[in-house]
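The next block holds one structure in the form of structure tokens; read it before the comments.
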Amino acid sequence: MFEIEINGITYGFKFGLGFAREINKTKQMTGENGEKVDAGLNYAVASIIDENLVELVDILLLANKTEKVRVSKADLEAYLEDNDTDVDELFKNLLDFFENNNSTKKAVETIKKLIEVQKAKAEKGE
């Protein structure tokens, strides 16, 4: 369980199979054969790597959706906007968590490989 303390309240965020199923439904891409493929988890991982705060709010709200203590969007956004919040550390910790979580680690591996391929192409001028 990933946890964040906001205003003295500890909120839990569950990144299990239910989370993976739900977030996958949020984004689609066209596959090699023209079929629609759910890609929300990969998109979420890329958003964490890119440190996208807007996407982070949606990711965390979805992961907190099944928990007893629920964070509001307003409180979460205020926390992330607060200059005392180390968002760089939050992204690092969340990515570390995703890399070691059975439900998300394969997506992290996939996205990191794609990033490496893109970097190599960019270096070659492709």
Side-chain angles (χ1 to χ4, degrees):
M1 176 82 60
F2 190 81
E3 296 180 335
I4 299 174
E5 185 178 321
I6 301 172
N7 298 327
I9 300 170
T10 301
Y11 296 96
F13 300 87
K14 188 172 183 180
F15 297 101
L17 290 174
F19 166 81
R21 269 189 216 99
E22 288 301 312
I23 199 143
N24 248 346
K25 296 175 191 176
T26 64
K27 305 280 190 239
Q28 288 191 330
M29 59 182 267
T30 303
E32 292 176 9
N33 299 323
E35 75 281 8
K36 295 288 184 191
V37 178
D38 290 338
L41 181 57
N42 288 344
Y43 189 85
V45 169
S47 295
I48 292 167
I49 291 170
D50 287 344
E51 298 187 1
N52 183 323
L53 277 176
V54 173
E55 292 296 326
L56 179 62
V57 171
D58 294 336
I59 292 165
L60 291 174
L61 287 174
L62 185 60
N64 179 249
K65 183 177 171 180
T66 60
E67 302 308 295
K68 289 184 181 182
V69 180
R70 303 275 304 275
V71 66
S72 71
K73 185 175 184 177
D75 285 346
L76 184 56
E77 288 181 347
Y79 170 76
L80 294 172
E81 291 172 345
D82 188 329
N83 287 334
D84 291 333
T85 300
D86 188 346
V87 292
D88 295 328
E89 186 69 14
L90 177 60
F91 277 112
K92 179 189 171 305
N93 291 340
L94 188 55
L95 184 59
D96 288 345
F97 186 85
F98 268 49
E99 288 177 321
N100 294 297
N101 181 327
N102 284 341
S103 299
T104 55
K105 68 182 172 184
K106 196 64 172 173
V108 174
E109 291 173 15
T110 299
I111 295 303
K112 283 188 169 187
K113 285 178 187 174
L114 288 172
I115 290 169
E116 289 303 315
V117 167
Q118 292 301 319
K119 282 183 181 178
K121 284 183 178 180
E123 288 173 2
K124 290 181 181 178
E126 292 181 19

Spacing of [X] atom [atom1] and [Y] atom [atom2] [to the nearest 0.5 Å]:
X: L17; Y: N102; atom1: CG; atom2: CG; answer: 8.5 Å
X: L62; Y: K25; atom1: CG; atom2: NZ; answer: 10.0 Å
X: K73; Y: E77; atom1: NZ; atom2: CD; answer: 5.5 Å
X: L80; Y: L53; atom1: CG; atom2: CG; answer: 5.5 Å
X: L114; Y: Q118; atom1: CG; atom2: CD; answer: 7.0 Å
X: Y43; Y: Q28; atom1: OH; atom2: CD; answer: 14.0 Å

Do the side chains of [Y] and [X] get nearer than 4.5 Å, heavy atoms only?
X: N64; Y: E67; value: yes
X: V71; Y: L60; value: no
X: Y11; Y: I9; value: yes

**Pairs meeting criterion salt bridge (Lys or Arg N to Asp or Glu O under 4.0 Å) with involvement of residues 34-61, two or more places apart** =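 Listed by first then second residue: nothing to list.
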**Prompt:** Would K92 and D96 pass as an ion pair if we require N to O under 4.0 Å?
**Reply:** yes
**Message:** With ring pair (Phe, Tyr, Trp, His ring centres under 6.0 Å) as the test, pick out the partner of F97 among F19, F2, F13.
**Reply:** F2
